[in-house]
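Encoded as structure tokens, the structure appears first; notes follow it.
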Amino acid sequence: MNPHKADSFFQKVYEVVRRVPRGRVTTYGAIAAYLGSKGSARMVGWAMNHSHKTDPDIPAHRVVNRNGVLTGKHHFGTHRMMQQLLENEGVVVISDKVRHFDALFWDPGKAR
DNA sequence: GGTGTGACCAGCT
DNA sequence: AAGCTGGCCACAC
């Protein structure tokens, strides 16, 4: 009802990503679905691409694809950066995949 | 204002 | 089984 710039899709994505607890991960699809656009998971990834420009404090490394694979690792400063950050939070990453992804998955819809 | 693109997802061949 | 296509929607040129 009040299409302000602050309410743009990107901004909502950032807000959700910020809510992801430390040591947890979520997926593009989950965020997209939470925002009401289930099929627009690509938009989420795109939002992340500009996240470092708009809000550099966004923990984009906590966002992975539905396989738990660090698809966006290549977009960080260095490829190891994303894995480094995750492991630094206690998330084990093997072959660019999050171990125990099922248990570490954080659903924004179920979160408080 | 149309076209292209994109850190995805699911389905079809 | 593995690869390709379409769909989805917002943003940049």
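In what follows, every heavy atom counts, from backbone to side chain, and hydrogens, waters and symmetry copies are set aside. Remember, predicted model here, so these are calculated numbers, not experimental data. Chain letters run A, B, ... following the sequence lines, proteins first, then strands; residues in each count from 1.
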ask   = What integer distance in Å separates D96(A):CG from dC8(B):P?
value = 13 Å
message = Under a 4.0 Å threshold between the charged nitrogen and the carboxylate oxygen, would R24(A) count as salt-bridged to E89(A)?
response = no
query = S40(A) has a side chain; which of dC8(C), dA7(B), dA10(C) sits nearest to it?
reply = dC8(C)
task = Take atom NZ of K53(A) and atom C1' of dC11(C), then tell me their distance rounded to the nearest Å.
result = 11 Å
query = What is the nucleic acid contact for A32(A), judged by heavy atoms within less than 4.0 Å: base, sugar-phosphate only, or nothing?
reply = nothing
key: Spacing between N67(A) atom CG and dC8(B) atom C1', to the nearest angstrom   = 10 Å
query = Nearest of dC9(B), dA10(C), dA7(B) to any side-chain atom of R66(A)?
reply = dC9(B)
query = Taking atom P of dA7(B) as reference, at what distance in whole Å does atom CG of L85(A) sit?
reply = 19 Å
inquiry  = Given dC8(B), dA10(C), dA7(B), identify the nucleotide with an atom nearest to the side chain of F10(A).
reply    = dA10(C)
key: Whole angstrom value for the distance that separates P of dA7(B) from CE of M81(A)   = 19 Å
query = Rounding to a whole Å, what distance do you find between Y34(A):OH and dC8(B):C1'?
reply = 20 Å
message = Salt bridge or not between R18(A) and D55(A)? Use side-chain N to carboxylate O under 4.0 Å.
response = yes
ask   = Atom CD of Q11(A) and atom P of dC11(C): how far apart are they, to the nearest Å?
value = 11 Å
ask   = At under 4.0 Å between heavy atoms, what does N65(A) touch on the DNA or RNA strands: base, sugar-phosphate, or nothing?
value = sugar-phosphate
query = Just one of V98(A), T71(A), L70(A) clears the side-chain contact (heavy atoms from CB on, under 4.5 Å) bar with N65(A), so which one?
reply = T71(A)
message = Using heavy-atom distances to pick each residue's nearest nucleotide on DNA chain B, tell me which of W46(A) and V64(A) is more 5'.
response = W46(A)
request  = Can you tell me, in whole Å, how much space there is between the P of dT5(C) and that of dG4(B)?
outcome  = 16 Å
ask   = Any N or O donor-acceptor pair linking the side chain of R42(A) to the base of dC8(C) at under 3.5 Å?
value = yes
query = Taking atom P of dA7(B) as reference, at what distance in whole Å does atom OH of Y28(A) sit?
reply = 9 Å
inquiry  = Please check this pair: side chain of R62(A) against backbone of V20(A), looking for a donor-acceptor N/O pair closer than 3.5 Å.
reply    = yes
note = Here the gap from T26(A) atom OG1 to F101(A) atom CZ, rounded to the nearest 0.5 Å, amounts to 7.5 Å
